[in-house]
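A quick write-up on the structure given underneath.
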Amino acid sequence: MSVTVRFAPSPTGRIHVGNLRTALFNWLYAKRHGGRFILRLDDTDKARSTEAFAEGIIADLAWIGIRPDAVFRQSERFDRYEAAARKLIENKRLYPAFESPEELERRRKRQMGRGLPPVYDRAALKLSDQEVAALEAEGRTPHWRFLLGNFETDPFQPRTATVTFEDLCRGEQSVDLAAVSDPVLRRADGAWLYTLPSVVDDIDMGVTHVIRGEDHVTNAGVQIDIFHALGADAPVFAHHNLLADTSGQGLSKRLGALSVAGLREAGYEPEAVAAIAVLIGTSLPVEPIEGLDDLASRFDLSVVSRAPARFDEAELRGLNMKTLARADYSQVSDRLAALGVGGGEAFWLAVRGNLEVLREAADWWQIVTGPVQPVIEDEALAADALRLLPPEPWDLETWGQWTGAVKEASGKGGKALFHPLRMAITARPSGPELRQLLPLIGRTRISDRLSGRPA
Ligand code: GLU
């Protein structure tokens, strides 16, 4: 069986790192199994969905390295949902209901007061065709409910009806359809809720695996019943743990800072964001990756933990640093050029281990090219260092030879030697190895800085 997966965000906002986790789980699963990845935009909510958000989501996925094999919009497929609804009505699995939200709420409260589960009592199913016609004649429009298959012959005598499925993340799952209300598939204003369109699309698009967050487990029970009512087999399901922040709170799509776009603007590398999104909340170590192919070769749905995955931006920063520290010059040269950073590979190798985000390379380039206002902490040492500065050309050996001579002349070693030299040369207490920076800064600037002159 060839694998087809889909990632199905609603374009009512940009995606955050939690949504990205779902997208990547699908993408990696497809990669591992030579399958297809569909991006399905769940835009049936016309008021809140926008084309700009849809484009934004596509751009976010592209930045991380996901290029869908196909893109579908639910708003272009309403005729398919109409057809499925007609079929369900013919088979007596979809029925009109006229209760107002207030009426339903009153009923729910009454049931709970009596210690009963607040499951819809199917009162609308008792309406005769004439009663329905009369209500419609009054100008009332119904919403539409799916009749769950949780009864033998009499829908008013529901019995335990357990839908069991093997979940690739969670193992065997059971949902009792008698504990769930007949879901509303279509609202009175004609709008489709998510449940039916998703099933119709999964059937039409030949989706074999539905990989999504565990907030959809109960939906899976209901949707399996709908697949069967439409004469189709249900796909395989995998419901993964959700992402929480460090305090254990779930992430909301509106949390701008953790949007994929926000992380990109903050300067994080796509490899680091992908690694964090996938590897936290699994049994695998959170470590740098080479790219999505590398991630696909490590990842399998069975490594996903049951506990929530904790997203910590400090961990992302650490991972970003490690990702940059191992990046080759060829991987970053274009972006360095765009930042106005020169120095070629030698400069990159000097600074790559000191960057939380790439744009900090520009700060070090500024320190190389100047002007830097030197900090002279030890006048005598600076004078010795200046006097002993060797002639150019300089290479990676120069620093050791020079500081060896300064050590001998000044009688100073260790921190008393290196700290004042670093402050004089870079005006910063820490940073890349001076052995590597020295030839890039060059003799003229070093001489000036040791003399206390900005250069
Ligand atoms: N649009 C739904 C969501 O974002 C899709 C769920 C699914 O994958 O079936 O929750």
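Order of appearance sets the numbers: ligands from 1, and atoms from 1 within every ligand.
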- Query: Which ligand 1 atoms does A8 reach within 4.0 Å, using its non-hydrogen atoms?
  - Reply: 1 (N), 2 (C), 3 (C), 4 (O), 5 (C)
- Task: Report, in ascending order of atom number, the atoms of ligand 1 lying under 4.0 Å from any heavy atom of D42.
- Result: 1 (N), 2 (C), 5 (C)
- Query: Does Q223 have a heavy atom less than 4.0 Å from any atom of ligand 1?
  - Reply: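 No heavy atom of Q223 comes that close to ligand 1.
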Over 60° means perpendicular and under 30° means parallel, so classify the ring planes of [Y] and [X], tilted if in between.
{"X": "H239", "Y": "F237", "answer": "parallel"}
{"X": "Y81", "Y": "W192", "answer": "perpendicular"}
{"X": "Y95", "Y": "Y120", "answer": "parallel"}

- Could you tell me whether a side-chain N or O of N241 sits under 3.5 Å from a main-chain N or O of S305, the two making a donor and an acceptor?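 At least one qualifying donor-acceptor pair exists.
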- Message: Checking contacts here: is it the side chain or the backbone of Y194 that comes within 4.0 Å of ligand 1, counting heavy atoms only? Could be both or neither.
- Response: side chain
- Message: Testing the 3.5 Å rule here: is there a donor-acceptor pair between the side chains of Q173 and R170?
- Response: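 The criterion, which ignores hydrogens and geometry beyond distance, is satisfied for R170 and Q173.
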- Note on the structure: A student comparing R212, H216, H239 should find that the heavy atom closest to atom 3 (C) of ligand 1 comes from H216
- Query: Is any N or O atom of P9, backbone or side chain, closer than 3.5 Å to an N or O atom of ligand 1?
  - Reply: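 No - when backbone and side-chain N and O of P9 are compared with those of ligand 1, no distance drops under 3.5 Å.
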